[in-house]
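Just below is one structure, and these are the notes that go with it.
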Amino acid sequence: MARGLAVLGAPTSADALARLLDSEQRTVVEALNALAETGLLSSGWFSHQAARAAALRGLDGEALAALHERTALLLHSEGAVPSEVAERLVAAGGIAETWSVDVLRNAAWQALREGSPGRAAEFLEVARQACSDPRERAEVTGALVRVLWLTRPTAVTSLLVPLYSLLQDGSLGTRDTVALSTFLAWQGRADEAALALDRIDTKEDACDLTGAAELALARQWIRWVLPFKGTDGAEEASSTHRADEAAGCASWSDLVKSAEQVLQCCRVADALPVTVLSALLVLTFDDRLDAAQGWCETLRPEAEALQAVAWTAMLAAVQALVAVRRGDLVDAERHSRRALAAMPPHNWGAALGLPLSCLVHATTAMGRTDEAEKVVKEALPEARRNPFWLHFLHARGRFYLGNNRPYAALADFQTCGRLLSGTVLDHANFVPWRSDLAEAWLRLDDVRSAKAVLDEQSTLANADDKRVRGRILRIMAGTLKQPARAAMLRDAVKVLLDSGDRLELALALADSSDAELECGHFAEFRLISHQAKRMAKMCGAEPLYWRLQNSGGAEEPGETPTLRKTIHRFALLSEAERKVAALAAQGRSNREISQTLFITVSTVEQHLTKTYRKLGVSSRFGLPVELGLVGSADH
């Protein structure tokens with residue numbers, strides 16, 4: 001009786017104990033009374049935990065498992081909650097019956113909702129062992145893969161053999177085949193992943209819209225992680241051809257639609273992590289940074305509540321990439337460190353280059369050379385030479401360039417070009433190697449080579465991509481003599497103002513201020529230098545800020561007669577015009593101003609036009625630098 005009560009784990013009725021032990025109720029009552037008289041029981045439960053432990057120690061393994069099995073059957077018949085029954089099923093090693101599998105699956109999802117993915121995985125593993133039907137086993141195995149992905153991606157490796165077996169006998173469903181494929185690709189086994197996806201085409205069951213979107217994004221993921229093999233051009237071409245075959249024929253616009261569809265239907269507990277990561281990267285590489293950031297912020301609380309460290313890490317990596325593209329160095333460093341802290345390197349698989357590259361980009365531009373060099377020395381193994389590895393290679397090249405090692409930078413950028421040239425991934429929004437290669441050539445005073453690379457980049461660049469166009473103009477200006485250099489830099493700044501990349505804008509402003517000084521345009525130099533310093537400080541680009549500070553530019557204006565006179569002039573402006581003009585003087589783009597003040601871009605343009613007319617200036621560069629302080633004081 002003591003053993004039966006101990007296994008049940010809580011006070012219970014004599015009737016329940018009688019059914020558990022297949023005994024008469026009278027006998028059970030007598031035994032309970034006897035235990036109470038000895039002092040071992042109080043109010044129907046053990047007076048001390050030591051007594052319960054002693055009762056359980058008297059059972060051998062098989063007897064204890066049998067008692068747990070009978071307890072599970074009893075609790076299930078009485079309608080107990082799935083988690084209580086599942087705990088006994090796990091202790092019993094499972095029961096090969098349909099109801100037990102259902103109970104374990106339900107208990108697993110309950111555990112997930114409670115933020116216990118490890119417990120959920122334990123329930124699903126027992127359910128998988130108890131399955132007798134191949135299709136049901138395939139479904140449970142797929143569920144287990146998704147749960148393991150939450151916390152320990154490498155643990156999925158133990159399921160590869162049974163997953164392959166289920167795939168071969170046709171038991172693995174479409175979605176679970178995608179899960180198998182994306183995991184293989186995550187490990188860098190992209191060829192095997194592509195072969196697994198190819199089997200989906202032979203299945204009779206068609207995907208629903210979300211399934212089709214997941215499949216498209218899985219194919220795109222394979223393209224991103226397919227390893228580059230060797231340095232021979234033929235081998236690279238073959239690798240590229242396999243990538244194109246693996247990714248299918250979906251257009252980029254179709255991929256963007258698939259990304260939005262998958263994200264709108266996403267639930268962290270059940271979604272395929274890599275397809276969601278692929279969706280977020282599609283939005284980021286499409287320059288939809290606000291959308292990518294928004295989805296990361298939406299999914300992050302759910303991931304943290306579920307203790308899904310893999311998700312937390314991947315979302316942080318995307319946020320780091322978004323911050324790099326916005327020129328927000330502080331956020332880029334913070335998110336990339338959070339990504340690497342959340343999940344150890346061996347669990348990152350083929351995507352490790354993503355957070356490492358963001359960390360190198362950020363720490364280099366922030367002037368934290370020692371930290372950047374430490375990451376650079378932890379170079380990725382050659383086995384991970386895939387397109388994400390090129391992100392790291394590109395960041396390392398930027399580190400070399402920033403530390404006056406142009407030949408080392410040249411080698412990294414040329415490697416990026418050699419591996420990407422002629423592939424569908426060779427566009428500036430993926431890895432902008434041509435612009436950086438041109439900068440390396442300029443550091444080596446090879447203007448002809450720099451021009452050639454920039455001309456090629458101009459031909460390939462999308463006309464609507466202001467970040468890429470502005471960057472081309474900024475670097476191309478370095479190949480020109482004055483006054484053409486100053487004129488091109490003005491154009492670069494105008495383009496970059498609406499690019500959303502604050503660091504690139506700060507660099508263009510800094511170069512422009514130097515050019516204006518060389519031309520003897522001291523008023524323009526003072527204005528642009530001040531804007532460049534303000535933007536560099538906003539980005540966290542300390543080396544750039546101190547370079548400008550030491551270049552002879554204007555100091556930060558204080559409360560001076562000039563400022564008081566400026567304030568008087570601004571009385572001509574309406575309150576709305578003053579707010580817009582103040583933000584414009586701080587270097588904010590029209591889009592950023594519209595988002596800050598919750599007005600349309602068209603309204604921003606109208607306010608600026610009226611402001612220019614009232615103040616007698618022709619553009620935002622004519623706005624007095626003191627206007628930013630006036631706006632801050634008003635605010």
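Note that this is a predicted model, so its numbers are computed, not measured. This chain uses plain numbering: 1 for the first residue, then up along the sequence.
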Can we say Glu504 and Arg474 salt-bridge, meaning some charged N sits less than 4.0 Å from an Asp/Glu carboxylate O? yes
Tell me, with the steps shown, if Asp426 and Trp433 meet side chain to side chain donor-acceptor pair (under 3.5 Å). CA-CA 9 Å; Asp426 188 19; Trp433 63 273; 3.0 Å; yes
For the CZ atom of Arg448 and the CH2 atom of Trp441, what is their distance to the nearest 0.5 Å? 12.0 Å
Val376 side chain reached by Tyr400 side chain, heavy atoms, under 4.5 Å: yes
Flag, side chain of Arg502 to backbone of Arg326, donor-acceptor distance under 3.5 Å: no
Given 3.5 Å as the limit, does a donor-acceptor pair link the side chain of Thr182 with the main chain of Ala179, or not? yes
Rounded to the nearest 0.5 Å, what separates atom CG in Asp491 from atom CZ in Arg469? 9.5 Å
In this structure, is the centre-to-centre distance between the rings of Trp149 and Phe183 below 6.0 Å? yes
Side-chain donor or acceptor of Ser435 paired with backbone N/O of Pro432 under 3.5 Å: no
Looking at Arg146 and Asp176, does any basic side-chain N land under 4.0 Å from a carboxylate oxygen? yes
Under a 3.5 Å distance rule, please check whether Arg325 uses its side chain to pair with a backbone N or O of Asn429 as donor and acceptor. yes
For the pair Leu544 and Leu507, evaluate side chain to side chain contact (heavy atoms under 4.5 Å, CB included) and give the outcome as yes or no after the intermediate values. CA-CA 8 Å; Leu544 180 60; Leu507 290 167; 3.9 Å; yes
Hey, does Val274 have a side-chain heavy atom less than 4.5 Å from the side chain of Trp224? no
Rounded distance (nearest 0.5 Å) linking atom CG of Leu329 with atom SG of Cys358: 11.5 Å
Do the side chain of Ser181 and the main chain of Thr177 share a donor and acceptor less than 3.5 angstrom apart? no
Exam field: side chain Ser421 to backbone Arg418, donor-acceptor pair closer than 3.5 Å: no
Do Leu321 and His335 pass the side chain to side chain contact (heavy atoms under 4.5 Å, CB included) test, and can you show the C-alpha distance, the side-chain angles, and the key distance before you say yes or no? CA-CA 9 Å; Leu321 182 61; His335 289 310; over 6 Å; no
Donor-acceptor check, side chain of Gln531 to backbone of Met535, threshold 3.5 angstrom: yes or no? no
Quick check against the 3.5 Å criterion: does Asn590 have a side-chain atom that pairs as donor or acceptor with the backbone of Val601? no
Is it true that, when you exclude Arg152 itself, more than 12 heavy atoms of the residues, nucleotides or ligands shown sit nearer than 6.0 Å to its CZ? no
Check whether Ser278 reaches the backbone of Leu217 with its side chain - one donor and one acceptor, N or O, closer than 3.5 Å. yes
CD of Glu192 to CG of Leu160, rounded to nearest 0.5 Å, is 8.5 Å
For side chain to side chain contact (heavy atoms under 4.5 Å, CB included), just list the numbers for Leu442 and Thr479, CA-CA rounded to whole Å, side-chain angles, deciding distance to a tenth of an Å, and then say yes or no. CA-CA 8 Å; Leu442 285 177; Thr479 69; 3.8 Å; yes
Lys/Arg-Asp/Glu bridge criterion (N-O < 4.0 Å) met for Arg547, Asp514: yes
With a 6.0 Å cut-off on the ring centroids, do Phe388 and Trp348 count as close? no
Where does the angle between the aromatic ring planes of His394 and Phe413 fall among parallel (under 30°), tilted (30 to 60°) and perpendicular (over 60°)? tilted
Under a 3.5 Å cutoff, is there a donor and acceptor pairing between the side chains of Asn403 and Glu373? no
Does Ala508 offer a backbone N or O that forms a donor-acceptor pair with the side chain of Ser512 under 3.5 Å? no
Just how far is it from atom CG of Leu315 to atom CG of Leu280, taken to the nearest 0.5 Å? 6.5 Å
Kindly indicate, with the supporting measurements, whether the criterion side chain to side chain contact (heavy atoms under 4.5 Å, CB included) is fulfilled by Thr284 and Leu289. CA-CA 5 Å; Thr284 304; Leu289 303 183; 3.9 Å; yes
If you measure from the Lys or Arg side-chain nitrogens to the Asp or Glu carboxylate oxygens, is any gap between Asp436 and Arg471 under 4.0 Å? yes
Could you measure the distance from the CZ atom of Arg337 to the CD atom of Glu371? Nearest 0.5 Å is fine. 5.0 Å
